[in-house]
Amino acid sequence: MRIATWNINSVRLRAPLLDELDALASPDVVCLQETKVVDELFPHKVLEARYPYRHARGMKGYNGVAILSKIPFTKTGGRDWCGRQDARHATVTFKGGVELHNFYVPAGGDVPDPAANDKFAHKLDFLAELTDWLAAEAKPRARRILVGDLNIAPLEADVWSHKQLVNAVSHTPVEVEALGRMQAAHDWVDAVRHFAPDEQLFSWWSYRSKDWRASNRGRRLDHVWVTPALKGKLKGFEILTDARDWPKASDHVPVLIEIHV
DNA sequence: ATGGTTGCCGTGCAA
């Protein structure tokens with residue numbers, strides 16, 4: 001099974017790019033974030049030929065997640081977090097029992113101080129609530145995959161400059177520690193770092209750059225995690241860096257893993 | 001230290 005996660009930054013605007021993604025990497029499952037559309041207006045028609053199975057949870061203008069699949073799933077769902085109905089979680093279960101969770105973690109604004117910045121406080125609250133939930137759900141033999149835009153680049157090799165970003169939201173110690181607790185809550189394996197533990201890897205480059213490739217000030221914000229029961233089934237990963245140059249590109253690029261399930 | 005761009009909508013806000 002080939003699974004892609006991609007912050008598409010408006011699924012209506014960029015639905016045609018899903019054809020590019022299919023031609024280049026032929027994922028069986030695509031998990032999207034920032035779809036920015038209510039479920040009634042989700043572009044099912046243009047996607048149904050390629051992805052017959054779809055599960056979307058969206059809202060108007062902001063956030064929104066979706067799972068597109070060539071492989072049938074039996075169960076669909078998604079929770080609300082921090083008492084908000086803001087469409088940051090979608091989940092499906094495939095025949096055979098593998099559970100897939102797609103998250104869009106709050107970005108957290110600009111100021112990394114929860115007392116001064118409500119959006120940063122929300123991000124930390126979201127991670128803490130998610131951590132508690134994962135710990136409660138954890139089972140030793142569970143076959144689960146967690147993907148999404150987690151909006152945190154935890155390792156030094158996940159950012160273009162650890163020194164210059166250590167106080168920037170997405171790479172601060174308080175966020176990295178929170179993500180570490182979340183990962184420990186279900187003993188998650190970082191599927192990309194499983195194959196490339198030290199290599200500098202990015203999945204996002206800001207729009208606010210004249211030449212993203214030349215400056216290469218990227219961050220790895222998009223992640224794929226699997227439970228220990230699936231660790232031995234991982235076959236490889238791919239980051240579609242060239243997608244950052246597609247016409248009308250998203251600021252994130254697709255991250256893929258291949259897993260034998 | 002500042003400002004740089006994009007998408008949602010039709011204004012600022014979130015990223």
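A note on names: the letters A, B, ... follow the listed sequences, proteins ahead of strands, and every chain is numbered from 1. Note that the structure is predicted; figures quoted are calculated from it, not measured.
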K.L.:
Between W133(A) and H186(A), is the gap from one ring center to the other below 6.0 Å?
P.N.:
no

K.L.:
Over 60° means perpendicular and under 30° means parallel, so tell me whether F126(A) and H122(A) are parallel, tilted or perpendicular.
P.N.:
perpendicular

K.L.:
Do K70(A) and D22(A) sit within salt-bridge range, that is, some charged N less than 4.0 Å from a carboxylate O?
P.N.:
yes

K.L.:
How far does the C1' atom of dG4(B) sit from the matching atom of dA15(B), given to the nearest Å?
P.N.:
14 Å

K.L.:
Strictly by modelled atom types, are N102(A) and Q33(A) linked by a side-chain donor-acceptor pair under 3.5 Å?
P.N.:
yes

K.L.:
Name all residues meeting the ring-ring contact (aromatic ring centres under 6.0 Å, His included) criterion together with F94(A); count only those two or more places apart in sequence or in a different chain, and write none if there are none.
P.N.:
none

K.L.:
I'd like to know if the side chain of R244(A) and the backbone of W205(A) have a donor-acceptor N/O pair within less than 3.5 Å.
P.N.:
yes

K.L.:
Give the residues of residues 170-180 of chain A touching DNA chain B, defined as any heavy atom closer than 4.0 Å, sorted by residue number.
P.N.:
none

K.L.:
If I pick the C1' atom on dG7(B) and the same atom on dT2(B), what distance separates them, to the nearest angstrom?
P.N.:
23 Å

K.L.:
Please find out if less than 6.0 Å separates the ring center of H89(A) from that of W81(A).
P.N.:
yes

K.L.:
Any salt bridge linking R219(A) with D158(A)? Criterion: basic side-chain nitrogen under 4.0 Å from a carboxylate oxygen.
P.N.:
no

K.L.:
Can you give one letter per nucleotide of nucleotides 5-15 of chain B, going 5' to 3': B for a protein heavy atom under 4.0 Å from the base, S for sugar-phosphate only, - for none?
P.N.:
BSSSS----SB

K.L.:
Determine the Euclidean distance between corresponding C1' atoms of dT11(B) and dT6(B); express it in Å to zero decimal places.
P.N.:
16 Å

K.L.:
On a whole-Å scale, what distance lies between the C1' atoms belonging to dA14(B) and dC9(B)?
P.N.:
13 Å

